Amino acid sequence: MSVVDINKTKIVAFGGGNAMPKTVLAGLKNYDVDITTVTSMVDSGGSTGQLRKDFNVLSPGDIRRHLIALSNAPQWKKSLFGFRFGREEFEGGHRGHSFGNVFLAGLEYALQDYGKVLEVVHEFLEVKGRCLPATIEKTHVYAVLENGEIVEGEDEIDVPKKHDGNLKIKKIFLKPETNGYPPALDAITQSDLIIIGPGDLYSSILPCFLPKGIPKAIQASKAKKIFICPPMTKFGETNEFLISDFVNEVEKYLGCKLDHIIYNSDMPSEERVNKYKEEEPTVLKVIEANSILDERFVSENLLVESGPITYDPNKLSALITNLGKDTDGFK
């Protein structure tokens, strides 16, 4: 695992799933900065969920995506890490295991030391920066709905299958409670810039802040805190959310104010949105801005030119670096 360079701007990026690695890390990787990523380790679906059940290992799926995004290894290694094999069907319709998930799970099972697991995989993938778990204590995330019902597991929160996704999520929590991973806490404390998102709010972003010590480390850090609002709302998590709703929830779990909130100003065509909704049935609509937003809110056209309603990593990284310079976040 690479050592932090004290002469470079230190960035800590929070998130899981595909959104943050593909839209934030893919762009910032091209800058001369020191990047640390932190993911929640509560993924419970598909290959990841099955490996957790079979071998009692930490969730490998999200941290695998971070590692690939920051990898400087030859393409064959990255392709191998993403290769999916086997026809076994898991709950939710997922099929087969990715090599990267099996590699991480096998290392943990064999080494019984997650610090050593991280060293081996960082070396294998020639990672620029560090990819760290928010906690290395095994846990699951739960959601309390507005009717008092408790939903168990990241996979069920992510895509409602057993509960009514029209019901609002009131809060999420970990069971059992866990402590933040010390290297992640240190990285947060020493950071110059903290980036949060984009991604699914309750199943990807907010679980990063549930381990004990993480919110306090963020509050104590002098880093500028930037939240990247996703471009669309999501069924079961953020139905009818406005940008202010995202910000209120993030600040509630952080226990402090954000310095900047990035959101997209472009309104894609109805045809493009409908086509994307066919590909991603859980997305609902393009997020709308409130009529009155303060100076913390920064809006630009951030979408890729065509196709999926996702952010362009080059546009996003350029905006992040500009905000960093404006707020002394970048050296």
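The shown structure was predicted, so the numbers you read here are calculated from the model rather than taken from an experiment.
Between K234 and D158, at least one side-chain N (NZ, or NE/NH1/NH2) sits under 4.0 Å from a carboxylate O, which counts as a salt bridge. Under the 4.0 Å criterion applied to side-chain N and carboxylate O atoms, K162 and E156 are not assigned as salt-bridge partners. For the pair E270 and K277, the salt-bridge criterion is not met [side-chain N within less than 4.0 Å of a carboxylate O]. The pair E154-R52 does not count as a salt bridge, with every side-chain nitrogen at least 4.0 angstrom from each carboxylate oxygen.
Between the side chain of D155 and the main chain of S44, no donor-acceptor pair closer than 3.5 Å is present. A donor-acceptor pair is defined here as one N or O able to donate and one able to accept, closer than 3.5 Å; no such pair exists between the side chain of K8 and the backbone of D32.
Of all the heavy atoms in S98 and G82, the pair that sits closest is CB-O, 4.5 Å.
Ring orientation note: the planes of F103 and F124 are tilted relative to one another, at an angle of 30° to 60°. Using bins of under 30°, 30° to 60° and over 60° for the plane-to-plane angle, the ring pair Y142/F173 lands in the parallel bin.
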Exercise. For the pair N166 and D164, evaluate side chain to side chain donor-acceptor pair (under 3.5 Å) and give the outcome as yes or no after the intermediate values.
Key: CA-CA 5 Å; N166 293 297; D164 183 358; 3.0 Å; yes

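With no hydrogens or angles considered, no side-chain donor-acceptor pair links D186 and Q190 at under 3.5 Å.
Within 6.0 Å of atom CD in E240, 12 or fewer heavy atoms from other residues, nucleotides or ligands are found, so the atom counts as exposed in its surroundings.
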